[in-house]
Each structure stands twice: as structure tokens, then as C-alpha cells.
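See below for the structure under consideration.
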There are 2 protein chains.
Amino acid sequence: MEAEKPRRRTRIQTEKRELILDAALEIFSQHGFRGATIDQIADGAGMSKPNLLYYFRSKEEIHITLMQRLLTTWLAPLRELDDVGDPISELRSYIRRKLEMARDYPRESRLFANEILQGAPRIMPMIEGELKTLVDEKAEVISGWMRSGRIIHTDPYHLIFSIWATTQHYADFDVQVRTVLGPLRGGEERFEDAARFLEQIFVDGLQPD
Amino acid sequence: MEAEKPRRRTRIQTEKRELILDAALEIFSQHGFRGATIDQIADGAGMSKPNLLYYFRSKEEIHITLMQRLLTTWLAPLRELDDVGDPISELRSYIRRKLEMARDYPRESRLFANEILQGAPRIMPMIEGELKTLVDEKAEVISGWMRSGRIIHTDPYHLIFSIWATTQHYADFDVQVRTVLGPLRGGEERFEDAARFLEQIFVDGLQPD
DNA sequence: CTAACGTTTGTCCAATTGGTCAAAAAAATG
DNA sequence: CATTTTTTTGACCAATTGGACAAACGTTAG
């Protein structure tokens, strides 16, 4: 029996894999896993299908690699949520960071949404592991703030969900948002408007006074 | 040239079309348009593929029919938002109704989310038309509330978006929500917890006092 | 230069899939 | 019951798609 060679990567391999992953992100986020074809991805990466399959064994391997990277980036803003400083401004800046991600990485957001929508068939382990652990940890931080009376007493998990939902909405439902806002209000400023609105709502609510 | 006969529907036609649409909703909402196959739908409806294609000319025709019906049901809660009574409780019950829809019609929610995620290739006209018109109209109602000082002055469009996002999240990201909440808190009561949380946040925000 | 290794391509294949069609089977109609 | 119309099916087809493979082409180290 031959031992598996770890076989380190060539310069070309590193570069081409990166090219493929970027093209794949584009295609997968637009058409979903089943809707995307290897040909489209290869095309986007400027190479032939067999050539692409030289760098990744299968369509699924590309997708998995992509999802693994994604999750880390995706959870970064939450990871930064810290117990130092004022809770309200911590949450405020979490919302802002999350909204910036929706603006700057909409493809990642849609890729993730697509995967969860279909029941997370390929990333369930990461949801149960990394993601849940982090959320549990941060929910505990938020609970601490509540116990010390610095924010109102409510459910920290649903708070996190609602921040995710509202911010990611601007990436995932982008077409709808832009269509409804129309050409006048649906330009790049929609993210600033959204930021203003969300910070206001989460902090003070709708009730006057 | 023959005139197109309007040719009204048989009892069997009505029944079978209904069966197909229900099966299609199940499959489409789970796999997206491209991920779903006619065979799966036919199977779910308990008939053969050619038989299904006797009732609907193509896969796309099923999808379009489904989306048209969907939108009406989907917008019903917003249509009910009325200028009578207290604005805060109007919005509160809008949130509650929307959350009930996410709970009772998750397939519809996911079907819609899938379509928008991919850029609304098949329902753009309805978004630009029916949906936008309704949102404009209701945003005006909400603006009125703001002008009269009964709720704080903010962006009515982003308010509607944030209600959509937070409520639909519980249908679209169901797997994630249930996984993060775990078996203890992720049962049916998650909708009540969510309702309590959302009403609280939208009305009073996080700031104490 | 040349052997060894890495990269790329053209060709091919089997499975899946959307859709057609003619003929059989069932219902409905008179 | 006989005829017409509707419904159902089995067989078929062409296009798409994920992936295999061997041969050709490049690159690089000795």
C-alpha cells in the first residue's frame, strides 16, 4: 500500500483553483447548486471543462470548498461582537458591519441563502458545529447585557436572527428591493438609508417619545 | 383560421391541475426551478410525466401558474393593513399575520424566496406591477401615520422590508433557525417566541426606559 | 538536451431530462 | 349501445450534463 502523498500545491494550481472558485461563486450564487453547470463555471474561469475537473474532482467538491471558506468570512462580524464598551453601540456597529457585508459580498450572501433554503444538504455539519457554537457564545454575551439592565430583556437568539434577516435581505432580495424603491431611491444610497433605519428601529422602536 | 376555443374545464381537469400544482409547490420550493424535475412533480401528483404534460404544456407553465396564485395570497396581509385604528397595533398585527403565514405556508415563502434569489426571472412583471403598486400605497399610509406623529418618523419602505425579512426568515431559513435553537427551544413555540420578540423590538427597541 | 512531471485538450460516454406522439383506455354524450 | 371526446400510457427523441481518459503539450530540474 502506498502512503498518500500530501503533495503540495504548484503555483499554477493555487492560482487556477482561485480562479475557479471565484467563477463558481458567481454561477452558484446566481443559479443554485443544481442550476449551475460545470461548463458555465469553466467558461467563467476561462478554461475547458476537463481542465477544470483537473483541479477539482467534482462539482460538489467546488461547492463544498466554497461553503467552507464562506462561513468563516460570513461569521466574522458576529465574532467581533465583544463584551467591551457600550452594548447598544456594539450592536449598532454589528448591524452596520453586517449590512456592509450584504453590500460588498452579495454573492456570498446568496450562495449561503440558496444552500439554507434547500435545507442545507451540504453544510449541515457546519451549521450544527461552528455556527451554532458561535451563536450560543454570543447569545450568552447579549444575555449578560440584559441581566445588567443595559439593554431590555428579550430573546438574544431571535435578536441575532432578526439582524441576520434584515441585513441579508438587502443582498438576497436585492432585485425586489431595487424594483420597489425605484430608480430614484434604489441606488447605492439604499444601504445608507437601510443602515439609518435599522439602527433607529433596533435601538428605539417605532413608538414615539 | 380557426378561432381559439375558450374551452371550459372538465371536472377532472380542475382536480388534476390542483393536484399537480400542490405537488409542484412541494418540489419547486425544495429544489428551485431548475433543480426540480417534471418526473418528481408527476410522481408527487401520482401520475405519469406525459399525463402531467397533458394538463400543463411545460414545466414553466406550472411554475408561472404557481407564482401568480402565490403572490395574491402572499400580499394579502399587507393589503389588510388599514388606516383605521391605532398605527402601532395595526403594525403589530401585520407582523403577527405575516409570521403566521411563514408558519403555515413555508413552502410558498421558499418558492418566492427562490425566485427572487435568482433574480426573479419569471415574475419580474408582477414585482414591478402588483407588488410595487401595493407597497407604494401602503408606504403612503404609513407616512401618514408618521406625519401625524403617531409613530416615529422613519423610512416606510425599509420598515416594510424589515418586517418581510424578519418574518419570512422563519420560513426560508427554517433549518438554520431550528438547528441553532436546538431541540428544546426550536419546537413550534419558536413562532410565539419570535412574535413576542418582533413586536417588542419594532415597538420599543432595545434601549431601556 | 532529456526525462519527469504538470497542464490542457478533444473525444467519448452514460444518465438525466424536457417534451412529443400515436395508440389504448375511460368517460361522457346522444 | 354507439360514437365522440377526454384521459392515460408506453415508447421514443434530442439536448444537456457530469465526468472519464488518453494523448498532446509545457515546464522545469538535472
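By convention in this document, chain letters (A, B, ...) are assigned in the order of the sequence lines, proteins followed by strands, and residues within each chain are numbered from 1.
- Figure legend: cation-pi geometry between B/R17 and B/F56, with NZ or CZ positioned under 6.0 Å from the six-membered ring centre and within 45° of its axis.
- Of all heavy-atom pairs between A/E108 and A/L25, the closest is OE2-CD2, 3.3 Å.
- Regarding contacts with the backbone of C/dT7, a side-chain N or O of A/Q13 is found under 4.0 angstrom from either OP1 or OP2.
- Here A/N51 does not reach the OP1 or OP2 of C/dT7: none of its side-chain N or O atoms lies under 4.0 Å away.
- Between the CG atom of B/L52 and the P atom of C/dC21 there is a distance of 17 Å, rounded to whole Å.
- Backbone-only contact: A/Y55 has heavy atoms under 4.0 Å from sugar-phosphate atoms and none from a base.
- When the ring pair (Phe, Tyr, Trp, His ring centres under 6.0 Å) test is applied to B/Y170, the partners found at least two apart in sequence or on another chain are A/H158.
- By the salt bridge (Lys or Arg N to Asp or Glu O under 4.0 Å) test, B/E128 is found to be paired with no residue, residues two or more places apart in sequence or in another chain being considered.
- Between the CZ atom of A/R17 and the C1' atom of C/dG6 there is a distance of 15 Å, rounded to whole Å.
- In terms of the salt bridge (Lys or Arg N to Asp or Glu O under 4.0 Å) criterion, B/E100 has no residue partners (sequence neighbours excluded).
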Result block: side-chain N/O donor-acceptor pairs under 3.5 angstrom for residues 111-126 of chain A, not counting sequence neighbours:
| from | atom 1 | to | atom 2 | distance (Å) |
| --- | --- | --- | --- | --- |
| A/E115 | OE2 | A/R122 | N | 2.6 |
| A/E115 | OE2 | A/I123 | N | 3.1 |
| A/R122 | NE | A/H63 | ND1 | 3.4 |

Reading 5' to 3' through nucleotides 10-22 of chain D, protein heavy-atom contacts under 4.0 Å coded B for base, S for sugar-phosphate only, - for none: BB-----SBBBB-

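- Partners of B/Y55 according to the ring pair (Phe, Tyr, Trp, His ring centres under 6.0 Å) rule, which considers only residues two or more places apart in sequence or in another chain, do not exist here.
- Every side chain to side chain contact (heavy atoms under 4.5 Å, CB included) that B/S93 has, sequence neighbours left out, goes to B/R96, B/R97.
- Put simply, NE2 on B/H31 is 17 Å from C1' on C/dG18, counting in whole angstrom units.
- Residues meeting the ring pair (Phe, Tyr, Trp, His ring centres under 6.0 Å) test with A/F173, sequence neighbours left out: A/H169.
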Polar atom pairs (N or O), protein with nucleotides 26-30 of chain C, under 3.5 Å:
| from | atom 1 | to | atom 2 | distance (Å) |
| --- | --- | --- | --- | --- |
| C/dA28 | OP1 | B/R11 | NH2 | 3.0 |

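- The interatomic distance linking A/E15 (CD) with C/dT8 (C1') rounds to 16 Å, in whole Å.
- Of the side-chain N and O atoms in A/Y54, one or more sit less than 4.0 angstrom from OP1 or OP2 of C/dT7.
- When the C1' atom of D/dT9 is taken as reference, atom CG of B/D43 falls 15 Å away, rounded to whole Å.
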